[in-house]
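If you're wondering where the values come from, they're calculated on a predicted model, not measured in any experiment. Residue numbers start from 1 in every chain, and the chains themselves are labelled A, B, ... in the order their sequence lines are given, proteins ahead of strands.
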2 protein chains.
Amino acid sequence: MTAPDSASLYRTIAADLKASIRAGVYPAGARLPSESELAAEYDASRGTIRQAFAALAADGVISSRRGARRTVLGGPRLQSFADLLSFSRWARSVGEKPGGRVARLEHRAATTEEAEQLELTDEANVYHLTRVRMLGDRPVMIERTAYPEHVGELVVGLDPAGSLTERLEELGVIFADAEHTIDAVPATAEDARLLAVRPRVPLLRERRRTTDPAGAPLEWSEDRYLGQEVAFTVRNSVNRNSLSRWHSGR
Amino acid sequence: MTAPDSASLYRTIAADLKASIRAGVYPAGARLPSESELAAEYDASRGTIRQAFAALAADGVISSRRGARRTVLGGPRLQSFADLLSFSRWARSVGEKPGGRVARLEHRAATTEEAEQLELTDEANVYHLTRVRMLGDRPVMIERTAYPEHVGELVVGLDPAGSLTERLEELGVIFADAEHTIDAVPATAEDARLLAVRPRVPLLRERRRTTDPAGAPLEWSEDRYLGQEVAFTVRNSVNRNSLSRWHSGR
DNA sequence: TAGTGGTCTAGACCACAAA
DNA sequence: TTGTGGTCTAGACCACTAA
């Protein structure tokens, strides 16, 4: 889950293939080179080539079947794990100017839910940050994030108008795994005020728990997006499925 | 992407591990056996064991780091690709009784969007089915699905109150890959009537395109769930990300 | 320091798709 | 029939974790 040997051969090959796909050398539906062709080209063993292809498959970029060459899947261009965690990075990647303002920053005792999600004892404190995030000059999302103390202490020293995630990474915090729960809720009075919309407008809610390579929680966030401005896309297959559907059991 | 050799050794090992995890032998956070231990136990090579672990990682069940044993990730129990496609199968898996009634079934020319999603020429016909799906006696979702003619011709011969996906699979239709786009929309007047809620209530919308192993579209569906009854969960990591965030660019 | 997973090789046989 | 990807083996060396 860490990123060791970022220059390993199979990663290089995978990056080359991704770049070619992005550049349009292999458009959606196109057939990719065979394992043996690539093995010859890179002077690598077949196993290494298969590892490169497995990396593309894990990102939902290609499809493969025995007997036929691999093909490029269509649909939207996928984003990296890092782009997904950082609103600022994402905004830039879609050609928008990210912005934000702090609505509230607290250092207080954890709520029951926060303690559970961050795996803290009930008496522990958290840093809780509420921000309104903007694309250009339009607010599109409210971010309510709880950090455990050891992360929050870093956060308070940073410029809260910019990308906290990127700054934290520079400070050596490694984000490794995340779990996202997505549903729809009506805007509360506070939501409506912060986003400049009417109460009860549909918002797309993403609750996210992010952990480090050892599985220790780094943040627990509840983000609320303007419903029809932002969407999430997931690809899965028979062999690869990290999506599930839940019922509140109300 | 097909399911060849469903009895291959690595699949057997992966299934055993999943069963043990589900049974609580390895709870969330627990350390799993090492590769060499499993290799000895199954009299398999290390590569085969690694393939089994890769299958669990692809489903977001485990985490791994060099130097330390693999650990079980917490969070909700994951569902299979098949459970995700079939409302009926999903409902049974969460202990609810699935139900449904047909609101409309049409055989007509494809709309522009349907033609694009199903990769049809503009003049082609589709079968379009609108159903209200229930858990117990409560409606929770509206399903609006377009099928290309070769699939739709099978669908019209089936009992539309039950699980079409399961019946289609029995008829040899193989669902291999899917792409899901999730956002929030207000209930239209028709939505509100079918779900017995007030107009403009937040609905969680899932648009889904499912393809066969060769990449040919099998269905294009727009499902609308009661916002706070149903949620979707996604797990991803630095090495495995099939989730992305989209902006309508409005 | 001992044990673990990460990377890579060089083979083998097989099931399947496409021509 | 030819070439493809799927499965499996038996080795090797290395980077990293944890005791």
Side-chain angles (χ1 to χ4, degrees), chain A residues 1-15 17 29-58 62-72 172 174 176-177 212-216 237-240, chain B residues 1-15 17 29-58 62-72 172 174 176-177 212-216 237-240:
Chain A
M1 290 303 141
T2 52
D5 286 6
S6 59
S8 63
L9 179 54
Y10 87 87
R11 285 172 195 272
T12 304
I13 299 172
L17 289 169
R31 294 159 73 239
L32 289 160
S34 72
E35 295 176 358
S36 52
E37 284 172 0
L38 287 171
E41 180 181 340
Y42 285 94
D43 193 24
S45 78
R46 200 183 148 211
T48 301
I49 303 300
R50 287 180 63 79
Q51 232 177 327
F53 276 130
L56 297 210
I62 61 172
S63 155
S64 80
R65 316 139 63 194
R66 171 153 42 189
R69 289 201 177 186
R70 291 174 174 84
T71 55
V72 178
I174 300 175
D177 292 270
D212 74 9
S237 76
V238 170
N239 295 322
R240 183 178 47 73
Chain B
M1 288 304 144
T2 52
D5 287 7
S6 58
S8 62
L9 179 54
Y10 87 87
R11 284 172 194 274
T12 305
I13 299 171
L17 288 169
R31 293 160 73 241
L32 289 160
S34 72
E35 294 177 358
S36 53
E37 284 171 1
L38 287 171
E41 181 181 339
Y42 285 95
D43 192 24
S45 78
R46 198 182 150 213
T48 301
I49 303 299
R50 287 180 62 80
Q51 232 177 328
F53 277 130
L56 298 209
I62 60 171
S63 155
S64 79
R65 316 141 60 197
R66 171 158 34 192
R69 288 201 177 188
R70 290 175 176 84
T71 55
V72 178
I174 300 174
D177 292 271
D212 73 9
S237 77
V238 170
N239 296 320
R240 184 177 47 73

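Rounding to whole angstrom units, CG of residue A/Leu9 and P of C/dA10 are separated by 12 Å. Atom CG of A/Leu56 is separated from atom C1' of D/dG5 by 15 Å (rounded to the nearest Å). Nucleotide D/dG3 holds its C1' atom 16 Å from the CG atom of A/Leu32, rounded to whole Å. Per the geometry, CZ belonging to B/Arg65 stands 11 Å off P belonging to C/dG6, to the nearest Å. Spacing between atom CG of A/Asn239 and atom C1' of D/dT7 amounts to 13 Å, rounded to whole angstrom units. The distance between atom CD of A/Glu35 and atom P of C/dC8, rounded to the nearest whole Å, is 15 Å. Between B/Arg31 atom CZ and C/dT4 atom C1' there is a gap of 9 Å when expressed in whole angstrom units. When rounded to the nearest whole Å, the span between CZ of B/Arg50 and P of D/dT9 equals 15 Å.
Backbone-only engagement by B/Tyr10 is indicated by non-hydrogen atom pairs under 4.0 Å involving sugar-phosphate atoms exclusively. At the heavy-atom level, B/Arg70 lies under 4.0 Å from the strands shown only through sugar-phosphate atoms.
The closest side-chain heavy-atom distance from B/Thr48 to B/Tyr42 is not below 4.5 Å.
Proximity of B/Arg46 to the phosphate of D/dG11: no side-chain N or O atom is located under 4.0 Å from OP1 or OP2. For the OP1/OP2 pair of C/dA15 and a distance below 4.0 Å, the side-chain nitrogens and oxygens of A/Arg66 include no atom meeting the criterion. Contact annotation: B/Arg69 side-chain N/O to D/dT17 OP1/OP2 distance is not under 4.0 Å. Distances shorter than 4.0 Å separate some side-chain N or O of A/Ser34 from OP1 or OP2 on D/dT4. Between C/dT4 and B/Ser36, a contact under 4.0 Å exists linking OP1 or OP2 to a side-chain N or O. Residue B/Thr48 places no side-chain N or O under 4.0 Å from the OP1 or OP2 atom of D/dT7. For B/Ser64 and C/dG6, the shortest distance from a side-chain N or O to OP1 or OP2 is below 4.0 Å.
Side-chain atoms of A/Arg70 never come within 3.5 Å of backbone atoms of A/Ile62 as a donor-acceptor pair (strictly under, hydrogens ignored).
Taking all atoms of both residues into account, the shortest heavy-atom contact from A/Ala55 to A/Ala14 is CB-CB, 4.2 Å.
Between B/Ala68 and A/Ala68, the one whose closest nucleotide on DNA chain C sits nearer the 5' end is B/Ala68. Along DNA chain C, the nucleotide closest to A/Gln51 and the one closest to B/Ala214 are compared, and the more 5′ of them pairs with A/Gln51.
A donor-acceptor contact under 3.5 Å is not formed by the side chain of A/Arg11 with the base of C/dG6.
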